[in-house]
Every structure is written in structure tokens, then in C-alpha cells.
Peer 1: 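Have a look at the structure that comes next, please.
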Amino acid sequence: MRSPSPNFSSVRINCDDTSASNSNNPSRRLALFQLGTAIPQSQFLGAKASNLLKAERNTIEGSAIDRSALVSTAIKEQDALEWAKNDMRRMLHAVYRVGDLEKTIKFYTACLGMKLLRKRDIPEERYSNAFLGYGPEDSHFAVELTHNYGVDKYKIGNGFGHFGIAVDDVAKTVDLINAKRGKVIREPGPVNGGNTIIAFIEDPDGYEFELLERGPTPEPLCQVMLRVGDLERSINFYQKAFGMELLHKRDNPEEKYTVAMMGYGPEDKTAVLELTYNYGVTEYDKGEGYAQIAIGTDDVYKTAEAIKLCGGNIIRQPGPLPGINTKITACLDPDGWKWVFVDNVDFLKELE
């Protein structure tokens with residue numbers, strides 16, 4: 001289900017056949033001859049030959065050390081990638097900034113049916129945040145809304161796409177949103193090229209939500225969509241560095257885009273990441289509103305090592321946060337999207 005073990009074909013230890021080359025290589029003849037004599041080199045061969053033998057021994061020993069280091073690195077990489085595949089991971093919450101926390105909470109609870117899970121104010125750092133979702137944080141994906149004192153608007157940019165919410169009846173949900181004076185930006189109807197009924201709405205800050213008509217699901221808050229500049233590069237990174245599975249991939253040549261769904265479980269039971277590549281677009285404006293996604297892990301130190309081995313950029317070294325001692329590490333993916341890994345045990349302690 002997870003990505004295959006890495007291919008270490010690039011690490012090669014050449015074992016040359018000495019029988020064909022000894023007779024034509026003077027230094028090899030000297031080296032072999034030396035093995036059968038106890039006479040000091042300086043007396044038997046002279047100073048120059050002795051120095052030649054010493055130099056060759058150093059070269060051979062140095063080459064062996066280099067090769068050993070390559071093998072050691074390959075084993076270390078294999079261990080780290082196996083860790084990423086087998087670690088107990090799930091997406092915990094998405095973090096983004098809003099201009100009016102109370103207004104957004106009201107919209108999410110009244111129009112989208114979310115529950116306010118917890119809320120806190122940190123006046124010394126001049127911000128408040130609230131966690132909302134469809135079930136307890138220890139088993140469900142959530143959104144973390146952050147309000148910075150005095151900031152009432154954020155530029156969202158064009159890199160962040162949308163959140164996905166699974167509902168029983170898209171048309172009824174849209175009717176409710178219209179009744180609450182919410183903004184519908186795509187009326188209910190089949191998705192292009194498919195049968196699933198969808199609609200798109202906008203929250204008070206301009207973040208888009210896709211409503212997907214599905215049967216009952218344990219995880220209604222089911223998707224986060226981000227745009228990337230090189231889809232294959234991103235798939236490879238998330239598979240190896242994050243241990244995610246490629247759930248499926250769909251190309252839409254008539255609309256010039258390709259999507260890949262990735263995650264830690266099936267789409268109908270867990271929150272997943274939707275990566276979108278628009279033909280010919282390699283860079284996006286990430287804005288200043290969307291912040292990051294948090295993922296649970298059993299070991300932030302091993303997680304950081306795996307990310308580094310896969311070319312990820314660690315922007316916060318693994319370790320405890322001051323004051324609360326929750327261990328985290330943070331990184332950027334190849335497109336500059338930020339991710340935070342949180343120790344599973346420490347995260348549950350936070351919820352107590």
C-alpha cells in the first residue's frame with residue numbers, strides 16, 4: 001500500500017578480477033609480492049618503491065572507507081524511508097488565518113455543520129485560535145483558525161485551492177447556505193467528466209470549500225487541495241518523505257490539469273491531500289492566509305531525518321516547543337508548502 005523500498009543501484013562496489021590485470025600492473029605485482037616477504041621494503045625494493053607501496057595502500061584503504069560510507073548511507077536511507085512508511089501517521093489539522101474569528105466560527109457551525117472543539121486566546125502574543133471539525137481531534141481532521149489582533153483581512157493567493165466536505169445532499173446544503181446569506185460560487189451539479197454531485201462555496205474570508213455528495217463517512221472534512229508546479233516530483237516526495245500513498249491520479253487534458261489524491265487511508269474514511277497541476281504553471285502565489293497542515297508521528301526525530309534524506313527543507317529542527325514541551329518538526333515541500341509533524345503522545349496530552 002505504501003511506496004516500495006528505495007533502489008540502491010547507484011551504490012556500487014566494484015570487485016575487479018585481479019587475475020587479468022596483475023601481470024600488467026607493476027604496483028599490483030609489488031603489493032602481491034609484499035604479502036609473501038618479511039624483508040623490509042626499504043632494503044629490498046628501495047625507498048621509491050616503498051613509498052609507491054605505501055601510497056597504493058593508502059589509496060586502497062581510502063577507497064574502502066568511501067565505499068563503506070556509501071553503503072552505510074544507503075542503509076541509513078533505507079531505515080528512514082521504512083520508518084516513514086510504517087509510522088503511525090494521520091493528518092491532524094489545517095491551519096489558516098482569518099480576519100474575524102467569531103464570524104467565521106458562526107459560519108462554519110451554522111452553515112457547514114462543524115462543531116467548535118476548543119478555543120484559546122493568547123494575549124501576550126496577540127492572537128486567538130479555534131479548532132473546528134466533525135468529531136474529536138484525537139480521531140478526526142480539524143481546521144485551526146487563527147486570528148491575529150488587529151488584522152482583518154489576508155491575501156489568499158492562487159496556490160491554495162480548497163477544502164473538501166462530504167455531505168449527504170449537496171443541493172440541501174447549498175439551500176441552507178443561501179438562506180444564511182453565504183456565498184455560492186458553483187451551483188450543485190455533476191463534476192466535469194463524472195457523476196459525483198458537487199458545489200463550491202466561499203467562507204467569509206474567501207477560502208473555498210468543495211461540497212461533495214457522498215454516503216455516510218466517518219470523516220466529512222475530507223480534502224485539502226494544494227496546487228503544485230511539478231506533479232511527479234511532488235508525488236515522489238510525499239510518498240518517500242511523508243510515507244503517503246498515491247490513492248489515484250486523474251488527467252483532464254481538455255481542461256489542462258492533472259490531480260493526484262494522496263493520504264494515509266482511503267478517501268471515504270480519512271482526510272486526504274489533493275495535489276493539482278495546471279499544465280505549464282510551475283509557480284503559485286501562496287498568499288498570507290493559508291499556513292500549514294499538521295501530521296501526527298511517533299518520532300519527530302526520525303521523521304525529520306527521512307525528510308532530509310528525500311531533499312526536504314527542515315525549517316524547524318525536531319524538539320520540544322518552549323513552555324508546553326510538545327515535540328514537533330517543520331519542513332517545506334518542493335513547492336514551499338509548510339508542514340508540521342507533531343509527536344502523537346504529546347498531541348494527545350495537549351487535548352487532555
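No experiment lies behind these values; they were computed from the predicted model shown. When a residue number appears, it is its place in the shown sequence, counting from 1.
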Peer 1: How many angstroms lie between OG1 in T196 and CZ in R214, if you round to the nearest 0.5 Å?
Peer 2: 7.5 Å
Peer 1: Is the ring pair F163/Y207 parallel, tilted or perpendicular, if the boundaries are 30 and 60 degrees?
Peer 2: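 Geometry flag for Y207 against F163: tilted rings.
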Peer 1: Are more than 12 heavy atoms from other residues, nucleotides or ligands located less than 6.0 Å from atom CD of E283?
Peer 2: no
Peer 1: Do side-chain atoms of D87 reach the backbone of R89 as a donor and acceptor pair under 3.5 angstrom?
Peer 2: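 No, the answer is negative, given that no donor and acceptor are paired below the 3.5 Å cut-off.
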Peer 1: Return the minimal non-hydrogen interatomic distance between R316 and P322, and the atom names on each side.
Peer 2: NH2-CD, 4.1 Å
Peer 1: Among Y264, W339, W83, W337, find the residue that satisfies the ring pair (Phe, Tyr, Trp, His ring centres under 6.0 Å) test when tested with F242.
Peer 2: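 The single option meeting the ring pair (Phe, Tyr, Trp, His ring centres under 6.0 Å) with F242 is W339.
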Peer 1: Salt bridge check, E82 against K85: does any charged N sit closer than 4.0 Å to a carboxylate O?
Peer 2: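 Salt bridge between K85 and E82, a charged N being under 4.0 Å from a carboxylate O: yes.
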Peer 1: I'd like to know if the side chain of D346 reaches the main chain of K327, judged simply by a donor and an acceptor atom lying under 3.5 Å from each other, with no hydrogens or angles considered.
Peer 2: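 Between the backbone of K327 and the side chain of D346 there is a qualifying donor-acceptor contact (under 3.5 Å).
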Peer 1: Any Lys/Arg nitrogen of E102 or K119 sitting under 4.0 Å from an Asp/Glu carboxylate oxygen of the other?
Peer 2: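 Salt bridge present between E102 and K119.
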Peer 1: For R181, is the CZ atom crowded, meaning more than 12 foreign heavy atoms sit under 6.0 Å from it?
Peer 2: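 Incorrect, the count does not exceed 12.
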Peer 1: For the residue pair F200 and H162, is the inter-centroid distance of their aromatic rings smaller than 6.0 Å?
Peer 2: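 Here the rings of H162 and F200 have centres that are less than 6.0 Å from each other.
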Peer 1: Can a salt bridge be assigned to the pair D335 and R233 using a cut-off of 4.0 Å between side-chain N and carboxylate O?
Peer 2: yes
Peer 1: With a 4.0 Å cut-off, would you call E137 and R118 a salt bridge?
Peer 2: yes
Peer 1: Checking the side chain of N129 only, and the main-chain atoms of H147 only, is there a donor and an acceptor separated by less than 3.5 Å?
Peer 2: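 Judged by distance alone, no pair lies under 3.5 Å.
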Peer 1: Checking T104 against D205 for the side chain to side chain donor-acceptor pair (under 3.5 Å) test, could you report, in this order, the C-alpha distance in whole Å, the side-chain angles of both residues, the deciding distance, and whether it holds?
Peer 2: CA-CA 8 Å; T104 304; D205 290 274; 3.1 Å; yes
Peer 1: Can a donor-acceptor pair be found, under 3.5 Å and without considering hydrogens, that links the side chain of D203 to the backbone of G206?
Peer 2: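 Yes, D203 side chain to G206 backbone: donor-acceptor pair under 3.5 Å.
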Peer 1: Treating Ile, Leu, Val, Met, Phe, Trp and Tyr as nodes and any side-chain heavy-atom pair under 4.5 angstrom as an edge, say whether M114 and I177 lie in one connected cluster.
Peer 2: yes
